[in-house]
A.B. asks: 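Structure below; questions to follow.
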Amino acid sequence: MSAAADKIVYEYCMLRFVPDLERGEFVNVGLLMMCKRRRWMRAALRIDRERILALAPRADVDTLATQLQLFIRNDVPARDLPVEERFRWLAAVKSAVIQTSPAHPGILIPSDSADATRALDTCFEQLFERLV
């Protein structure tokens, strides 16, 4: 198999809490990542109450946490949609207190094709720790 065929292209975006749309300040609260070819998508949250309240002292963190759960449920928007359509729906630009960053592309080259899912999971975990 050629090196080009071994490449795994993925996209990711951060989930953000933006308490004041006019100021544009935000706290990263999650990560959404997708690989169309592998039909793989993963999302995770890190709701840091102290950081959120430092930025927005009157924020309702419990309600925010409930709303963010929609990003990690497998049935939203619909379980039967292709993974890329679910990702696009979740990552669409919104003018609300929960927003997503622009989608960023990436390429992985795992040591062998059997390691593709593990490579995506490892990449996700590294991005999550660095960005959220």
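For reference, positions follow the sequence shown, starting with 1.
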A.B. asks: Decide, yes or no, whether a salt bridge links D80 with R86 under the criterion of side-chain N to carboxylate O below 4.0 Å.
C.D. replies: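 No, D80 and R86 are not salt-bridged.
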A.B. asks: Output yes when a side-chain donor or acceptor of K36 lies under 3.5 Å from a complementary backbone atom of M34, and no otherwise.
C.D. replies: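 No.
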A.B. asks: Report whether L21 and V27 are members of the same hydrophobic cluster (ILVMFWY, side-chain heavy atoms less than 4.5 Å apart, transitive linking).
C.D. replies: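 Cluster IDs for L21 and V27 differ.
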A.B. asks: Taking all atoms of both residues into account, what is the closest heavy-atom pair of G30 and V132, and its distance?
C.D. replies: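 Minimum heavy-atom separation between G30 and V132: O-CG2, 3.5 Å.
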A.B. asks: Specify the closest pair of heavy atoms between A56 and F17, including all atoms of both residues, with the distance to one decimal.
C.D. replies: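 Taking every non-hydrogen atom into account, CB-CE2, 4.2 Å.
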A.B. asks: How far apart are the closest heavy atoms of A59 and L53, and which atoms are they?
C.D. replies: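 Heavy atoms only, the tightest pair is O-CD2, 3.8 Å.
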A.B. asks: Taking the side chain as C-beta and beyond, is there a heavy-atom pair between E25 and P19 under 4.5 Å?
C.D. replies: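 They are not in contact (no side-chain heavy atoms under 4.5 Å apart), so the answer is no.
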A.B. asks: Is there a continuous path of hydrophobic side-chain contacts, each under 4.5 Å between heavy atoms, that joins V18 to V61?
C.D. replies: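 No, V18 does not connect to V61 through the hydrophobic network.
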A.B. asks: Starting from the C-alpha separation in whole Å, work towards a yes-or-no answer on side-chain contact (heavy atoms from CB on, under 4.5 Å) for R37 and V9.
C.D. replies: CA-CA 8 Å; R37 191 171 107 199; V9 177; over 6 Å; no
A.B. asks: Are the side chains of Q69 and L45 in contact, using a 4.5 Å heavy-atom criterion?
C.D. replies: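 Yes. Closest side-chain heavy atoms under 4.5 Å.
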A.B. asks: Does a side-chain heavy-atom distance below 4.5 Å link R51 with V29?
C.D. replies: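 They are not in contact (no side-chain heavy atoms under 4.5 Å apart), so the answer is no.
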A.B. asks: Check whether any side-chain heavy atom of F26 lies under 4.5 Å from a side-chain heavy atom of Q99, and answer yes or no.
C.D. replies: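 Side-chain contact under 4.5 Å: no.
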A.B. asks: Quick check for you: to the nearest 0.5 Å, what is the distance between N28 atom CG and F128 atom CZ?
C.D. replies: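 It is 10.0 Å, given to the nearest 0.5 Å.
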A.B. asks: So which atom in L81 and which in E85 form the shortest heavy-atom distance, rounded to 0.1 Å?
C.D. replies: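 For L81 versus E85, the nearest heavy atoms are CD2-OE1, 3.4 Å.
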A.B. asks: Report the distance from atom CG of L15 to atom CG of L70, rounding to the nearest 0.5 Å.
C.D. replies: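 Going from CG on L15 over to CG on L70, the span is 11.0 Å.
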A.B. asks: Which distance, rounded to the nearest 0.5 Å, do you find between the CZ of R88 and the SG of C13?
C.D. replies: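 Answer for the CZ-SG pair, R88 versus C13, is 9.5 Å.
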A.B. asks: Within the 4.5 Å heavy-atom criterion, are L127 and Y12 side-chain neighbours or not?
C.D. replies: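 When only atoms from C-beta onward are counted, Y12 and L127 do touch, with a gap below 4.5 Å.
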A.B. asks: Mind running side-chain contact (heavy atoms from CB on, under 4.5 Å) on L120 and M33 for me, showing each step along the way?
C.D. replies: CA-CA 9 Å; L120 285 164; M33 186 169 152; 3.9 Å; yes
A.B. asks: Among the clusters formed by ILVMFWY side chains lying less than 4.5 Å apart, do W40 and Y10 turn up in the same one?
C.D. replies: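 Both belong to a single hydrophobic cluster.
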A.B. asks: Roughly how far, to the nearest 0.5 Å, is NZ of K7 from CG of L108?
C.D. replies: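 Atom-to-atom, L108:CG and K7:NZ are 11.5 Å apart.
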A.B. asks: Can you measure from CE (M14) to CG (L32) and round to the nearest 0.5 angstrom?
C.D. replies: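 So the CE of M14 and the CG of L32 are separated by 11.0 Å.
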A.B. asks: Under the criterion side-chain contact (heavy atoms from CB on, under 4.5 Å), which of L68, D60, D62 is the partner of L64?
C.D. replies: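 Testing each of L68, D60, D62 against L64, the sole residue satisfying side-chain contact (heavy atoms from CB on, under 4.5 Å) is L68.
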A.B. asks: If we only count heavy atoms from C-beta on, is the T117 to R38 side-chain gap below 4.5 Å?
C.D. replies: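 Sidechains of R38 and T117: no contact.
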A.B. asks: Quick one: pull up CZ in R16 and CD1 in I98 and give me the separation to the nearest 0.5 Å.
C.D. replies: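 If I round to the nearest 0.5 Å, the distance is 13.5 Å.
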